[in-house]
Amino acid sequence: MKNNIKKLAELVNGTIVGDQTIIIFGVASIEKAQTGDIVFVENSKFLEKALLSQASAIVLPKKLVPKDFNQKVLILVDQAKLAFAQIINVIHPSIKVYSLIETTAIIANTAQLALDVSVGHHSIIGKKTKIGSCSVIGSHCVIGQEVEIGQECVIHSNVTIYDKVKILDRVVIHSGSVIGSDGFGYVFYDGQYHKFPQIGDVIIESDVEIGSNVSIDRGALDSTVIGQGTKIDNLVQIAHNVKIGKTCVLAAQVGVSGSSIIEDNVIVGGQVGIADHVRIESGAIIGAQAGIPTGKIIRRGLTVWGTPARPIDDFKRIYGQTQQLPMLKEKLLKLEKEIAELKKIKN
Amino acid sequence: MKNNIKKLAELVNGTIVGDQTIIIFGVASIEKAQTGDIVFVENSKFLEKALLSQASAIVLPKKLVPKDFNQKVLILVDQAKLAFAQIINVIHPSIKVYSLIETTAIIANTAQLALDVSVGHHSIIGKKTKIGSCSVIGSHCVIGQEVEIGQECVIHSNVTIYDKVKILDRVVIHSGSVIGSDGFGYVFYDGQYHKFPQIGDVIIESDVEIGSNVSIDRGALDSTVIGQGTKIDNLVQIAHNVKIGKTCVLAAQVGVSGSSIIEDNVIVGGQVGIADHVRIESGAIIGAQAGIPTGKIIRRGLTVWGTPARPIDDFKRIYGQTQQLPMLKEKLLKLEKEIAELKKIKN
Amino acid sequence: MKNNIKKLAELVNGTIVGDQTIIIFGVASIEKAQTGDIVFVENSKFLEKALLSQASAIVLPKKLVPKDFNQKVLILVDQAKLAFAQIINVIHPSIKVYSLIETTAIIANTAQLALDVSVGHHSIIGKKTKIGSCSVIGSHCVIGQEVEIGQECVIHSNVTIYDKVKILDRVVIHSGSVIGSDGFGYVFYDGQYHKFPQIGDVIIESDVEIGSNVSIDRGALDSTVIGQGTKIDNLVQIAHNVKIGKTCVLAAQVGVSGSSIIEDNVIVGGQVGIADHVRIESGAIIGAQAGIPTGKIIRRGLTVWGTPARPIDDFKRIYGQTQQLPMLKEKLLKLEKEIAELKKIKN
């Protein structure tokens with residue numbers, strides 16, 4: 001969708017430097033930009049590349065204004081990447097179909113769909129399930145009974161939501177994800193694992209985004225909770241009774257075991273494993289592939305790495321010293337000889 | 001479903017201490033329990049909390065009987081958690097629909113469904129596939145040709161089962177799981193990977209439970225086997241020709257590579273990686289995130305951790321000593337100086 | 001499908017030793033082979049076992065010809081496993097249904113399906129999507145708008161392909177995989193993560209095979225690319241903007257973070273984690289569970305292991321020395337005592 005540069009600048013509360021009348025036809029990366037495209041630059045590292053690119057306009061922070069614009073039109077803003085995200089939303093509006101429920105969808109009589117809900121082909125909505133206004137359900141979703149989905153949610157195709165899951169507003173769930181499956185709970189007795197029934201539920205608060213092929217289990221007796229604004233990448237495992245706070249980030253393939261608590265604003269790197277009954281306090285950062293043992297508490301604001309995880313400076317120091325081991329060993333053998341020599345002289 | 005406490009005590013072969021006439025309305029965790037709820041306690045650690053909770057009754061081991069009951073009714077049993085699981089099943093019976101095959105399901109003429117089989121909306125059952133009595137197939141499942149599913153199985157929605165997979169009785173498979181996809185087998189020749197056709201099958205024995213988004217590949221020429229009573233958590237990968245024994249537990253995100261053997265009663269922690277042609281003998285325990293290299297044998301009953309995995313005591317001892325490396329280095333440098341000093345005096 | 005041994009030998013350009021008239025009824029592993037089966041042997045290790053098996057014929061390398069054939073018929077070839085793969089394809093031809101589009105499939109009016117395309121039950125093909133000749137789409141697939149799928153592709157059941165994904169020829173995608181979901185991109189501002197719209201696409205080149213439950217995200221602005229002939233195992237995560245070259249192998253549960261580049265002929269072991277903006281040069285091998293930190297370059301042909309990954313010889317040497325730490329510490333303490341002793345004498 002083509003747009004006047006002035007309209008875009010107003011949208012992001014930016015200041016134009018250069019020709020205020022040009023038309024922008026697309027957004028692009030610096031590498032692929034063509035005439036008519038707008039690009040963005042966040043730091044000086046890529047500024048020159050942007051100026052040499054084919055792009056017609058650049059969104060950039062005020063402090064980065066270059067001396068020579070190379071005939072580019074600039075939009076100066078406080079937050080370049082955020083502004084660019086807003087511009088993308090205008091130039092490439094995400095297509096949303098409202099108020100269309102495909103005739104192939106199977107919706108229980110007792111389900112309550114608000115106005116302007118969309119449901120794709122073959123999706124199934126169970127008994128007493130409620131879906132809030134303007135929410136979009138893709139094709140081939142299976143949504144169980146007594147599920148609650150808030151307003152303006154996007155449930156992509158091929159998502160499975162078990163009974164009694166509660167999803168608040170503006171939640172996005174990508175394809176292949178399964179929400180509310182049974183937690184992994186058994187009682188070992190008489191040589192066999194006996195299932196401990198999983199009758200809790202899952203609560204996903206507002207503004208959460210969940211990637212593709214994610215598994216989130218229901219609580220055993222209580223709830224599994226994903227806090228407001230938290231973002232979960234693909235192939236993540238969230239076990240029963242886990243409580244995740246607000247505004248956390250869990251990168252791909254993270255696993256969180258039963259009853260662990262992640263407080264607010266925590267960042268969890270890819271492939272991290274968090275054992276059961278762990279507590280990660282607010283603002284902590286867990287480096288990729290780290291492992292947090294059962295019952296461990298990671299203190300507020302700490303950055304940790306390794307398995308078992310320890311403060312990242314300790315990890316790096318110890319890691320550095322293991323690299324010196326061959327040298328240490330050599331030194332030690334040398335001293336051993338010298339002492340033997342001294343003792344010989346002594347006697 | 002409300003129940004007389006006496007009936008519940010009889011169910012679990014327990015002894016009531018206190019008012020034998022109360023009615024139980026629900027099960028709950030200690031934290032969330034309300035009047036009318038029953039809770040359970042396994043060890044003394046949570047006993048006081050349970051006594052102070054709002055619960056009306058507590059299931060607990062005989063040996064834990066408290067002095068002051070705080071007006072709770074107690075059910076004394078041998079196995080508190082197991083008894084509680086049985087009580088949940090009575091108070092929250094899992095809803096099972098028998099004998100209902102949705103008209104939107106597509107079932108091949110040559111498929112053989114026993115009496116009392118349920119099939120959900122839009123599920124597809126292939127040619128010559130057999131399903132045993134009282135098994136429940138969810139919605140949107142794709143079950144291939146010549147598949148065999150035993151009695152009382154529960155295949156949740158959105159499960160894919162390829163051709164010729166054999167599933168015995170009382171198996172549960174959660175949503176998003178894929179059983180019988182091609183193993184990862186290629187012949188590298190002339191600069192390209194050529195597919196080695198995967199014509200084996202998968203055998204899942206009785207009482208196995210498989211979590212959500214699990215991948216189990218078919219054998220190349222033979223079978224991939226999951227043994228009786230084994231429990232597999234979410235997002236686990238089982239490669240071609242793997243043989244898993246009876247009563248094993250595989251936590252979430254474990255990966256088992258081609259042709260590896262896991263014997264009986266093995267416990268595999270989360271995110272463990274088992275390379276190809278490994279043998280894990282009976283009763284071994286593999287700590288979370290451990291890595292077992294190609295061809296390795298883990299001996300009967302051993303507990304291992306780390307990558308490459310070694311006995312857990314060795315792991316911990318070496319790990320502890322790496323933490324002392326800065327101190328060792330310091331000591332070494334000090335000795336170096338002292339020896340230099342001694343040598344100087346000497347001369 | 002039964003076959004004359006002579007026909008099979010001709011197929012693989014092999015030389016028969018023994019009875020040229022026997023009929024082969026099946027292929028098998030050495031362990032399970034019965035009379036009438038053909039097996040293969042790649043190296044001397046399994047030759048005796050094959051000769052003692054029930055098999056009627058053996059495919060084996062010319063150089064392995066045994067002295068005593070034990071009445072087996074031999075087919076001597078250059079590449080035994082490759083030849084055997086070709087023989088499997090003849091004896092067990094993979095069933096492909098051509099030109100059948102199930103009436104339950106929902107295909108947009110503006111979609112263009114070439115001749116001989118198959119589409120399974122309930123699959124959905126979006127607007128302006130093109131599918132090349134002889135491609136097979138399974139059941140319950142959701143294929144978005146403006147998708148391009150080449151010739152002779154096999155998209156198994158329950159695959160989800162988002163809008164605008166491009167798939168070239170002879171690509172195989174297994175069930176549960178999701179191609180083209182949004183990359184994990186946010187701008188943190190004012191205490192919240194704001195979505196950075198993901199408007200790029202995914203390009204999957206010819207002869208790629210993708211396992212089950214794989215997640216491949218679309219690029220943010222550009223393309224995520226999987227190169228020609230690359231094979232990806234189950235449960236792998238490919239983030240936005242990743243570029244993977246030709247003829248790579250990614251084992252199960254690998255994760256590749258945003259904007260990383262994997263060049264040609266790279267082998268990535270199971271559960272490896274590759275952080276963002278990494279470059280793995282051609283021919284490198286990454287050992288299982290290794291972790292490659294952000295921005296790291298792994299040089300051409302190098303084999304690395306560990307987290308953070310280093311050359312495998314370094315890893316093994318350092319690892320070996322950590323195992324000697326208790327001994328080193330003991331030696332050190334002994335020297336300490338000896339020096340104290342020497343100093344005492346001195347004074």
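Quick caveat, the model's predicted, so the values are computed rather than measured. In the text below, chain A, chain B and the rest are named by the order of the sequence lines, each starting its count at 1.
- Ranked by heavy-atom pairs under 4.5 Å with chain A, the list B:Ser175, B:Gly138, B:Ser139, B:Gly287 is led by B:Ser175.
- Interface remark: A:Tyr193 contributes backbone and side-chain atoms alike to the contact with chain B (heavy atom separation under 4.5 Å).
- Nearest heavy-atom pair, B:Ala80 versus B:Val59, reported as atom, atom and distance to 0.1 Å: O-CG1, 3.8 Å.
- With a 4.5 angstrom heavy-atom cutoff, A:Thr104 touches chain B only via backbone atoms.
- Judged by distance alone, the side chains of A:Asp276 and A:Ser259 never bring a donor and an acceptor atom under 3.5 Å apart.
- For A:Gln324, the part sitting under 4.5 Å from any heavy atom of chain B is the side chain, from C-beta outward, and nothing else.
- A side-chain N or O of A:Gln271 and one of A:Gln253 form a donor-acceptor pair less than 3.5 Å apart.
- Among A:Ser181, A:Gly255, A:Gly176, A:Pro197, the residue making the largest number of heavy-atom pairs under 4.5 Å with chain B is A:Pro197.
- Salt-bridge formation is not detected for the pair B:Glu263/B:Lys246: no Lys NZ or Arg NE/NH1/NH2 atom is positioned less than 4.0 Å from an Asp or Glu carboxylate oxygen.
- At a 4.5 Å heavy-atom cutoff, the contact between A:Ile199 and chain B is made by side-chain atoms alone.
- Contact annotation for A:Asn241: neither backbone nor side-chain heavy atoms come within less than 4.5 Å of a heavy atom of chain B.
- Residues A:Glu102 and A:His122 bring no donor and acceptor atom of their side chains to less than 3.5 Å of each other.
- For the set B:Asn158, B:Leu333, B:Asp233, the count of heavy-atom pairs under 4.5 angstrom toward chain A peaks at B:Asp233.
- Using a 3.5 Å distance cut-off with no hydrogens or angles, the side chains of A:Thr307 and B:Gln289 do pair a donor with an acceptor.
- No cation-pi contact links B:Lys81 to B:Phe40, judged by a cut-off of 6.0 Å to the six-membered ring centre and 45° from its axis.
- Counting only N and O atoms by type, the side chains of B:Asp264 and B:Ser282 include no donor and acceptor under 3.5 Å apart.
- Between B:Thr322 and A:Tyr319, the side chains place no donor N or O within less than 3.5 Å of an acceptor N or O (distance only, hydrogens not considered).
- For A:Val256, no part lies near chain B; criterion is any non-hydrogen pair under 4.5 Å.
- For chain B, the nearby parts of A:Lys195 are the backbone and the side chain; heavy atoms of each come within less than 4.5 Å.
- Proximity to chain B (any heavy atom under 4.5 Å) is shown, for A:His140, by both the backbone and the side chain.
- Listed options A:Tyr186, A:Phe188, A:Tyr189 were ranked by heavy-atom pairs under 4.5 angstrom with chain B; first place goes to A:Tyr186.
- Of the listed residues (A:Val159, A:Val272, A:Leu325), the one with the most heavy-atom contacts under 4.5 Å to chain B is A:Val272.
- With a threshold of 4.5 angstrom between heavy atoms, A:Leu328 approaches chain B through its backbone and through its side chain.
- Taking B:Val249, B:Asn265, B:Val172, B:Asp207 one by one and counting their heavy-atom pairs under 4.5 Å with chain A, the maximum is reached by B:Val249.
- The nearest pair of heavy atoms linking A:Phe184 to B:Leu250 is CZ-O, 3.6 Å.
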